[in-house]
Amino acid sequence: MSKIQVPTEGTKVTLQDGKLQVPNNPIIPFIEGDGTGPDIWQASVRVLDAAVEKAYNGEKKIVWMEVYAGDKANEVYGDNNLWLPDETNEAFREFLVGIKGPLTTPVGGGIRSINVALRQILDLYACVRPVTYFDGVPSPVKQPELVDMVIFRENTEDIYAGIEYKAGSAEVKKLIDFLQTEFKVNKIRFPESSSLGIKPVSEEGTKRLVRAAIQYAIDNNRKSVTLVHKGNIMKFTEGAFRDWGYELAKEEFGAVEIDGGPWCKLPNGIIIKDAIADAFLQQIILRPAEYDVVATLNLNGDYLSDALAAQVGGIGIAPGANINYVTGHAIFEATHGTAPKYAGQDKVNPSSVILSGEMLLRHLGWNEAADLILKSMSKTISQKTVTYDFARLMDGATEVKCSEFADALIANL
Ligand SMILES: NC(=O)C1=CN([C@@H]2O[C@H](COP(=O)(O)OP(=O)(O)OC[C@H]3O[C@@H](n4cnc5c(N)ncnc54)[C@H](OP(=O)(O)O)[C@@H]3O)[C@@H](O)[C@H]2O)C=CC1
Ligand SMILES: O=C(O)CCC(=O)C(=O)O
Ligand SMILES: [Mg+2]
């Protein structure tokens, strides 16, 4: 039975000839999220609406449509096993552009990630996570303003896809037996008690992600695209990611090798380079100014986005988007999770979802409203009005609640 109430006002965002068609009153589906999700969403939606109102004086307005996943889906549908209703997927499919709060994934057993499932079902192959510094944000590094990167994380493949078999299961026994007898594999150290995970990485999956990263670099006048991989060890998956990335840069963007390769340069001067993931994790701390757009595999991108976020204030201020550039489907979401220990306390930083909303507005072409949010975020932080995560690291800060931070942002729009 349908629980989603489609608003009577508002119309759909559509895609025509590869271009988003955005009405003045687009219907945008949202998932509130688990844990701290409701607090954050209630704060964020007020800021987004106020920015749109201020920018367009009522001429444009988002018509929000709640759709359900996670704990709230259990509640609303009265079914403790219904985490991601079909009609939620259908709503995101039909209305094209949406936004979501974080959803819980248990460790070890239980359901697989609803967040990952949404990305897979809609084939949202690029997870785009910009990492930029707002003046005054507390940081563990000396020059956080040098961090200005945009992570393009492959979002549908890799070990992250969740194809794994539990130790002792009939499936894992069959798979290990197959590897040992057919492929003479003798490197599984403890075959009787091993679980196995499968790491699919494809040419198509890699190339569409790297294509999006390079196109972004071109459209936004960025200096370089770095392919981050562990290809020295995982040669045919992560190593192939690097090789397919360079191949695409040459075939589709006219890149030519420099200094004997494999680094290359696009006709407009953008450098395409690569780095091995472990060394890259030190370089982004020691020499962040040398990196710009980053294209990487799913798990590397997950680790990298939180590590980079820490340099500019933490995951409380790290936005993101999951995008399919071909179909136009996009779901915007924070980098962080549900932060369950703070649930219901009106405490955490709503900036990640607010800035994900800022990305959504820009995606719709509503740049005036998006700019207002960035301006207000800078001003509010410079006034040292911040949530607990920043306040505990700043001298002379006024610590405010999640909702009060939204009030301050609205006042500063
Ligand atoms: N896309 C998604 O929906 C995601 C979902 N998850 C899920 O979230 C759950 C919890 O995961 P966990 O690993 O604890 O990671 P979380 O991101 O939920 O929290 C880790 C820590 O980060 C800080 N933090 C997180 N969000 C905020 C915020 N908005 N403002 C300020 N600080 C924040 C807090 O630090 P401190 O303790 O120092 O205050 C918090 O304890 C898991 O079920 C996980 O699977 C995780 C990541 C993404
Ligand atoms: O789905 C989850 O629970 C975690 C996902 C995650 O950490 C991420 O996508 O950054
Ligand atoms: Mg993560």
Side-chain angles (χ1 to χ4, degrees), residues 30-44 69-73 83-84 98-121 124-129 131 137-138 140 151-162 296-310 312-323 331-357 381 386-394 399-406:
F30 72 94
I31 292 170
E32 201 176 55
D34 296 331
T36 48
D39 281 352
I40 294 175
W41 176 251
Q42 279 147 34
S44 301
D71 294 341
K72 197 157 180 186
W83 303 95
L84 183 56
I99 187 165
K100 67 175 278 296
L103 295 165
T104 306
T105 315
V107 175
I111 56 159
R112 288 206 174 266
S113 168
I114 309 165
N115 310 302
V116 172
L118 272 165
R119 298 167 193 167
Q120 289 175 333
I121 289 165
L124 305 173
Y125 60 85
C127 178
V128 184
R129 291 179 166 174
V131 189
V137 169
I151 300 166
F152 276 73
R153 161 191 179 191
E154 200 293 318
N155 221 11
T156 61
E157 302 196 301
D158 197 3
I159 200 82
Y160 217 92
T296 191
L297 300 101
N298 208 338
L299 184 62
N300 295 340
D302 189 17
Y303 295 157
L304 255 176
S305 41
D306 284 32
L308 268 174
V312 296
I315 46 182
I317 195 168
N322 305 289
I323 303 179
I331 300 181
F332 293 76
E333 72 173 336
T335 295
H336 63 69
T338 55
K341 66 184 173 187
Y342 300 122
Q345 295 179 29
D346 190 18
K347 182 178 173 80
V348 294
N349 193 340
S351 299
S352 305
V353 170
I354 292 169
L355 293 174
S356 301
I381 291 168
V386 290
T387 44
Y388 85 97
D389 49 331
F390 289 179
R392 67 188 170 188
L393 299 169
M394 282 165 90
E399 179 178 331
V400 292
K401 293 178 178 177
C402 177
S403 58
E404 293 169 338
F405 185 68

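Just so we're clear, the structure is a prediction, and the values are computed from it rather than from any experiment. In this chain, numbering begins with 1 at the start of the sequence shown. Whatever order the structure lists ligands and atoms in, that order sets their numbers, starting from 1.
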Peer 1: Determine whether any heavy atom of K347 lies closer than 4.0 Å to an atom of ligand 1.
Peer 2: no

Peer 1: Taking the inter-plane angle between the rings of W41 and F30 on a 0 to 90° scale, is it parallel (under 30°), tilted (30 to 60°) or perpendicular (over 60°)?
Peer 2: parallel

Peer 1: Report yes or no: does R112 have a heavy atom closer than 4.0 Å to ligand 2?
Peer 2: no

Peer 1: What protein heavy atom sits nearest atom 30 (N) of ligand 1, and how far off is it?
Peer 2: N349 N, 3.1 Å

Peer 1: I'd like to know if the side chain of S352 and the backbone of I315 have a donor-acceptor N/O pair within less than 3.5 Å.
Peer 2: yes

Peer 1: Provide the number and element of each atom of ligand 1 under 4.0 Å from a heavy atom of T104.
Peer 2: 43 (O)

Peer 1: Which bit of R129 is near ligand 2, meaning a heavy atom under 4.0 Å away: side chain, backbone, both or neither?
Peer 2: side chain

Peer 1: Roughly how far, to the nearest 0.5 Å, is CH2 of W83 from CD1 of I114?
Peer 2: 6.5 Å

Peer 1: Using a 4.0 Å heavy-atom threshold (strictly under), name the region of T105 that reaches ligand 1: side chain, backbone, both or neither.
Peer 2: both

Peer 1: I'd like to know if the side chain of S356 and the backbone of G320 have a donor-acceptor N/O pair within less than 3.5 Å.
Peer 2: yes

Peer 1: Does the pair I121 and L84 meet the rule for a side-chain contact (heavy atoms from CB on, under 4.5 Å), with working shown?
Peer 2: CA-CA 11 Å; I121 289 165; L84 183 56; 3.9 Å; yes

Peer 1: For ligand 1, which atoms, with element, lie under 4.0 Å from some heavy atom of R119?
Peer 2: 1 (N)

Peer 1: Give me the nearest non-hydrogen protein atom to atom 10 (O) of ligand 2 as residue plus atom name, then the distance to 0.1 Å.
Peer 2: D302 OD1, 2.9 Å

Peer 1: N/O to N/O below 3.5 Å, does that happen between R392 and ligand 1?
Peer 2: yes

Peer 1: Tell me: protein heavy atom nearest atom 1 (O) of ligand 2, and distance?
Peer 2: S113 OG, 2.5 Å

Peer 1: Heavy atoms only: which of I31, T36, D389 is nearest to atom 31 (C) of ligand 1?
Peer 2: D389

Peer 1: Applying a strict 4.0 Å limit to heavy atoms, is T335 in contact with ligand 1?
Peer 2: yes

Peer 1: What are the atoms of ligand 1, with element, lying closer than 4.0 Å to any heavy atom of Y342?
Peer 2: 36 (P), 37 (O), 39 (O)

Peer 1: Starting from atom 4 (C) of ligand 2, which protein heavy atom do you reach first, and at what distance in Å?
Peer 2: Y160 OH, 3.9 Å

Peer 1: Hey, is the main chain of A318 close enough, under 3.5 Å, to the side chain of T335 for a donor-acceptor pair?
Peer 2: yes

Peer 1: With the threshold set at under 4.0 angstrom, would you say H336 reaches ligand 2 through any of its heavy atoms?
Peer 2: no

Peer 1: Return the closest protein heavy atom for atom 10 (C) of ligand 1 as residue, atom name and distance.
Peer 2: T338 OG1, 3.6 Å

Peer 1: Which ligand 2 atoms, with their elements, are less than 4.0 angstrom from a heavy-atom of N115?
Peer 2: 1 (O), 2 (C), 3 (O)

Peer 1: If you count the atoms of ligand 1 from 1 in the order shown, which ones are under 4.0 Å from a heavy atom of K100?
Peer 2: 3 (O)

Peer 1: Without swapping roles, check the side chain of D34 against the backbone of D71 for a donor-acceptor pair under 3.5 Å.
Peer 2: yes

Peer 1: What's the spacing between I354 CD1 and I40 CD1 if we round to 0.5 Å?
Peer 2: 9.0 Å

Peer 1: Would you kindly specify which portion of E333 sits under 4.0 Å from ligand 2, judged on non-hydrogen atoms: side chain, backbone, both or neither?
Peer 2: neither

Peer 1: Under the side chain to side chain donor-acceptor pair (under 3.5 Å) criterion, do R153 and Y160 qualify, and how do the steps go?
Peer 2: CA-CA 11 Å; R153 161 191 179 191; Y160 217 92; 3.2 Å; yes

Peer 1: What atoms in ligand 2 come closer than 4.0 Å to a heavy atom of R119?
Peer 2: 8 (C), 9 (O)

Peer 1: Just need the protein heavy atom nearest to atom 37 (O) of ligand 1, so name the residue and atom and give the distance.
Peer 2: K341 NZ, 2.7 Å

Peer 1: Which pair of non-hydrogen atoms, one from Y342 and one from D39, has the smallest distance, and what is that distance?
Peer 2: O-OD2, 4.4 Å

Peer 1: I'd like to know if the side chain of N155 and the backbone of L124 have a donor-acceptor N/O pair within less than 3.5 Å.
Peer 2: yes

Peer 1: With no hydrogens and no angle check, is any side-chain donor or acceptor of T36 less than 3.5 Å from a backbone partner on T338?
Peer 2: yes

Peer 1: My question is simple, although I want it checked carefully: is atom 14 (O) of ligand 1 less than 4.0 angstrom from any protein heavy atom?
Peer 2: no

Peer 1: Quick one: nearest non-hydrogen protein atom to atom 40 (C) of ligand 1, plus distance?
Peer 2: A339 CB, 4.3 Å

Peer 1: Which heavy atom of the protein is the closest neighbour of atom 21 (C) of ligand 1, given with residue, atom name and distance?
Peer 2: I315 CD1, 4.4 Å

Peer 1: For atom 48 (C) of ligand 1, find the nearest protein heavy atom and state the residue, atom name and distance (0.1 Å precision).
Peer 2: H336 O, 3.4 Å

Peer 1: Considering only protein heavy atoms, which is closest to atom 33 (C) of ligand 1, and at what distance to one decimal place?
Peer 2: Y388 OH, 3.9 Å

Peer 1: Pair M394, E399 - check side-chain contact (heavy atoms from CB on, under 4.5 Å), show working.
Peer 2: CA-CA 10 Å; M394 282 165 90; E399 179 178 331; over 6 Å; no

Peer 1: For T104, is at least one N or O under 3.5 Å away from an N or O on ligand 2?
Peer 2: no

Peer 1: Quick one: do Q42 and E32 satisfy side-chain contact (heavy atoms from CB on, under 4.5 Å)? Show the steps, please.
Peer 2: CA-CA 8 Å; Q42 279 147 34; E32 201 176 55; 3.5 Å; yes

Peer 1: Where is the nearest protein heavy atom to atom 6 (N) of ligand 1: which residue, which atom, and how far?
Peer 2: G337 CA, 3.3 Å

Peer 1: Number the atoms of ligand 1 from 1 as they appear, then name those within less than 4.0 Å of a heavy atom of P102, with their elements.
Peer 2: 3 (O)

Peer 1: Would you give the length of the straight line joining atom CD1 of I151 to atom CG of L308, rounded to the nearest 0.5 angstrom?
Peer 2: 4.5 Å

Peer 1: Can you find an N/O atom of L103 closer than 3.5 Å to an N/O atom of ligand 1?
Peer 2: yes

Peer 1: When you look at Y388 and V348, which way does the side-chain contact (heavy atoms from CB on, under 4.5 Å) test go after all the steps?
Peer 2: CA-CA 7 Å; Y388 85 97; V348 294; 4.1 Å; yes

Peer 1: Please indicate how many protein N/O/S atoms are found closer than 2.8 Å to the Mg ion (ligand 3), with waters neither displayed nor included.
Peer 2: 1

Peer 1: For the backbone of P102 and the side chain of N115, can you confirm whether one donor and one acceptor N or O come within less than 3.5 Å of each other?
Peer 2: no

Peer 1: Closest non-hydrogen protein atom to atom 3 (O) of ligand 2, residue and atom name please, with distance?
Peer 2: T105 OG1, 2.5 Å

Peer 1: Ignoring hydrogens, just give me the one of C127, P106, C402, G316 whose non-hydrogen atom is nearest atom 28 (C) of ligand 1.
Peer 2: G316

Peer 1: Quickly, which of D389, L355, V386 forms a side chain to side chain contact (heavy atoms under 4.5 Å, CB included) with I317? Name it, please.
Peer 2: L355

Peer 1: Is there side-chain contact between F332 and P319, with at least one heavy-atom pair below 4.5 Å?
Peer 2: no

